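Below, read A as the first sequence line, B as the second, and so on, with proteins coming before strands; counting in each chain starts at 1. Just so we're clear, the structure is a prediction, and the values are computed from it rather than from any experiment.
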Amino acid sequence: MLMRMIRTVQLGLKSLLLHKLRSGLTMLGIVFGVFSVIAMLAIGEGASNQAQKQIVALGATNIIVRSIKPIEGSTQDASSGGSTRYGLLRSDLRRLQNTIPEVVSAVPIRELLREARHLKYTMQSRLVGCTPEYQDLNQLKIHKGRFLSDADRQTRANVVVLAHEVAKKLFPVEDPLDNQTIQVGDVFYSVIGVTEPRTASAAIGGSLSAQEFDKDLYIPIETFRSRIGDIVSTPKQAGMDTEHVELNQITLEVRDVKDVIRTAEVVRGTLEKFHPAKDFNVVVPLELLKQAEQLRQIFNVVLGSIAAISLVVGGIGIMNIMLATVTERTREIGIRRALGARRRDIIEQFLTETVVLSGSGGVLGIALGLATPLAFTLIRDFTLRFVLDGGDLSDTSKMFQEMQPVVAIWSLPLAFGISVGIGILFGLYPAQAAAKLDPIEALRHE
Amino acid sequence: MKLAAQVIDLQKHYDLGPVVVKALRGVSIDFPEGDFVAIMGSSGSGKSTLLNLLGGLDRPTLGKYILGGLDVSQMSDTQLSNVRNQRIGFIFQSYNLITQYTVLENIELPLHYRPGHPSVSAADRKRCEEMAIRVGLGQRMDHRPFQLSGGQQQRVAIARAMMNEPEIILADEATGNLDSVTSTEIMTLLRNLNDEGRTIIMVTHEPDIAMWAKRQIVMRDGVVFKEIKNEVRTTAPTAFAESSDKAFVEHELGNKPAGEGKH
Ligand SMILES: Nc1ncnc2c1ncn2[C@@H]1O[C@H](COP(=O)(O)OP(=O)(O)OP(=O)(O)O)[C@@H](O)[C@H]1O
Ligand SMILES: [Mg+2]
């Protein structure tokens with residue numbers, strides 16, 4: 001049985017090799033069809049991996065509430081004399097913590113963009129006032145030293161933990177933990193720790209786009225309050241822009257993943273009562289994750305349909321050629337029938353030829369598909385270097401820069417199976433046409 | 001005497017819509033084992049139709065066909081295929097070799113369609129080679145049909161027809177494309193096969209060729225018109241004596257290129 005199959009396949013290969021150019025051209029449709037199945041799945045997979053990594057980095061059990069600055073002039077608080085007052089309050093934090101049982105922890109954050117300085121080295125960084133829980137919440141790993149402690153909060157200590165990139169920039173030579181201090185504004189902070197590099201998380205809207213943890217400075221939130229306070233003025237084109245903000249963000253951790261969506265609704269409801277101006281925004285990473293998953297499915301369906309169309313077109317091409325082959329080889333079919341070939345033998349012969357043809361196309365397509373990640377990276381790097389000229393790139397293109405297509409292993413047997421299936425589907429009709437020929441007429445055929 | 005084949009009131013009609021062509025209108029012939037028959041008759045008298053029915057390439061409209069004791073007339077397509085493979089050897093006017101195959105591969109072809117599809121063994125291949133040598137193509141086993149003369153191609157066809165040791169060999173104008181010397185060679189091969197006991201039924205237009213057979217059956221309008229017994233059969237020595245003269249004349253006149261024939 002196996003021997004016979006091998007022989008039939010050999011025969012198929014032999015007669016295909018007889019018309020190399022024709023077979024090659026016929027295969028192209030399948031080659032590109034299979035290639036696009038694999039390549040598109042790989043790119044889709046890569047993009048969604050990237051998105052998922054970023055969303056997971058936000059934490060699946062977290063609910064993130066951020067302050068949003070209302071549109072200029074819409075809520076001028078007359079009492080604070082020209083300053084814009086908005087956002088989450090410390091009372092909101094207490095309320096959320098105490099009234100919603102599903103919330104395990106609530107971590108407040110106050111943040112500002114500030115220049116950090118050490119000797120002649122400076123860096124534009126994000127000064128984050130937070131609590132020790134912030135570390136676990138954001139999966140920060142300590143490279144050296146330690147993170148903030150409760151004692152730091154109680155004593156409002158002037159201590160800082162540097163993110164990886166900041167430490168590198170401010171302390172190119174020295175050890176940042178060797179009794180060093182950095183200056184932010186007019187305050188000096190002693191360095192107590194350095195974090196490890198960490199991938200940026202997805203953009204969550206609000207005042208911040210993607211969170212890049214590598215440019216952060218972490219200080220106790222109490223220290224932030226006493227050294228900087230709630231009211232911050234920044235120079236603007238015309239005078240000063242003064243803002244009154246108590247908290248920039250509250251990250252809530254929910255006990256169970258399945259309660260996350262419901263709890264988020266409760267949080268929204270609770271806050272809306274006290275913030276009619278809607279100067280806050282609730283982000284649920286889990287929702288983002290689900291959206292990303294849906295998006296990916298849509299993406300796959302769309303790409304899959306495109307691939308399917310090229311496969312069908314390839315299949316029709318194969319069928320066309322096989323029909324021509326049957327006509328061309330009518331005499332041969334007659335000879336074989338006269339020598340004792342059954343109808344089934346003829347069907348088998350032509351079907352095998354078609355399947356060998358489409359299967360070889362599939363193998364070539366798979367080979368091309370496997371080269372996709374490499375080709376993608378090469379083209380991307382070329383584009384970045386020469387077309388975009390290495391200039392500044394926004395966060396979106398940062399995603400593009402970091403994205404890596406992943407050839408899904410399961411897509412290989414799938415693609416091969418599809419190409420063989422196409423061969424059978426589109427080869428059946430020509431094969432049957434060949435088998436149906438009357439032996440006598442076939443023998444008489446010129 | 002045991003019958004190799006027997007047709008009883010065989011009829012073949014072709015329904016062409018407005019008209020029905022009756023190619024065979026009741027043919028009854030007995031073919032004893034070891035028979036050597038030449039079927040003669042004018043064009044359109046139904047010779048090829050009869051031969052195709054005898055070969056199991058088609059089914060009769062009416063009548064019976066008994067082959068080696070089996071009723072073949074109502075067999076299924078698969079059964080007929082097996083009959084063709086096992087019991088019949090075909091030789092055609094236009095050789096009908098597969099052009100992309102070598103001599104050996106062409107000879108091997110019937111082995112691939114044996115009932116049950118046993119794979120072709122080394123012993124089978126050896127037999128193919130022996131058969132090629134026997135028909136005089138020992139030096140040409142790896143050649144392709146287009147590299148061979150017509151006579152050589154017909155030898156390949158004979159070797160191929162013999163591979164499954166059929167009871168009956170059917171030849172439809174096997175020498176129709178060949179010059180007289182080559183025809184004599186081919187007929188000598190057939191005569192040898194008949195001497196070994198194989199039944200041979202051949203269609204021919206040429207009276208010379210018909211004289212190789214034991215008897216002639218003359219068809220007319222789809223029925224047997226008459227039967228002639230060949231009292232003096234042509235044999236290889238007599239034929240060569242005659243045909244070498246003829247070949248010489250043919251050469252001089254340039255009628256047919258010697259040893260070459262295209263359909
Ligand atoms: N498939 C067919 N359809 C219709 N008519 C056919 C078919 N095959 C044969 N015939 C008719 O049957 C008759 C006998 O044909 P056949 O081929 O048997 O003649 P033949 O004796 O072999 O002639 P020739 O010597 O020219 O080969 C002819 O009239 C022919 O037209
Ligand atoms: Mg004829």
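- Looking at B/His117 and A/Asp345, their side chains do bring a donor and an acceptor atom within 3.5 Å of each other.
- Contacts with chain A were tallied for B/Asp77, B/Asp58, B/Leu109; B/Asp77 has the most, counting heavy-atom pairs under 4.5 Å.
- Within the structure, the salt bridge (Lys or Arg N to Asp or Glu O under 4.0 Å) test picks out the following pairs touching residues 151-165 of chain B (sequence neighbours left out): B/Arg155-B/Glu185.
- In this structure, CD1 on A/Ile335 lies 7.5 Å from CG on B/Asn106, to the nearest 0.5 angstrom.
- The two residues A/Ala338 and B/Phe92 come nearest to each other via the heavy atoms CB-CZ, 4.1 Å.
- The minimum heavy-atom distance linking A/Arg331 with B/Ser94 is given by the pair NH2-OG, 2.9 Å.
- The number of heavy-atom neighbours closer than 6.0 Å to CZ of A/Arg22, taken from other residues, nucleotides and ligands shown, is above 12.
- Contacts between B/Glu105 and chain A at a heavy-atom distance below 4.5 Å involve the side chain alone, from C-beta outward.
- For A/Ile333, no part lies near chain B; criterion is any non-hydrogen pair under 4.5 Å.
- The shortest non-hydrogen separation linking A/Pro439 to B/Leu57 is CB-CD2, 3.8 Å.
- For residues 39-52 of chain B, the interface with chain A (any heavy-atom pair closer than 4.5 Å) comprises B/Asn52, sorted by residue number.
- Residues A/Lys14 and B/Gln100 are not in side-chain contact: their nearest non-hydrogen atoms beyond the backbone lie 4.5 Å or more apart.
- Between B/Ser81 and A/Arg337, the closest heavy-atom pair is OG-NH1, 3.5 Å.
- Looking at A/Arg336 and B/Ile98, their side chains come closer than 4.5 Å, going by heavy atoms from C-beta outward.
- Closest approach of A/Leu11 and B/Tyr101 over heavy atoms only: CD2-OH, 2.9 Å.
- Taking chain A as the reference chain and counting heavy-atom pairs below 4.5 Å, the highest number among B/Ile88, B/Thr99, B/Asn85 is found for B/Asn85.
- Residues A/Gln349 and B/His112 fail the side-chain proximity criterion, which asks for heavy atoms closer than 4.5 Å.
- Residue B/Leu97 touches chain A through its backbone alone, counting heavy-atom pairs closer than 4.5 Å.
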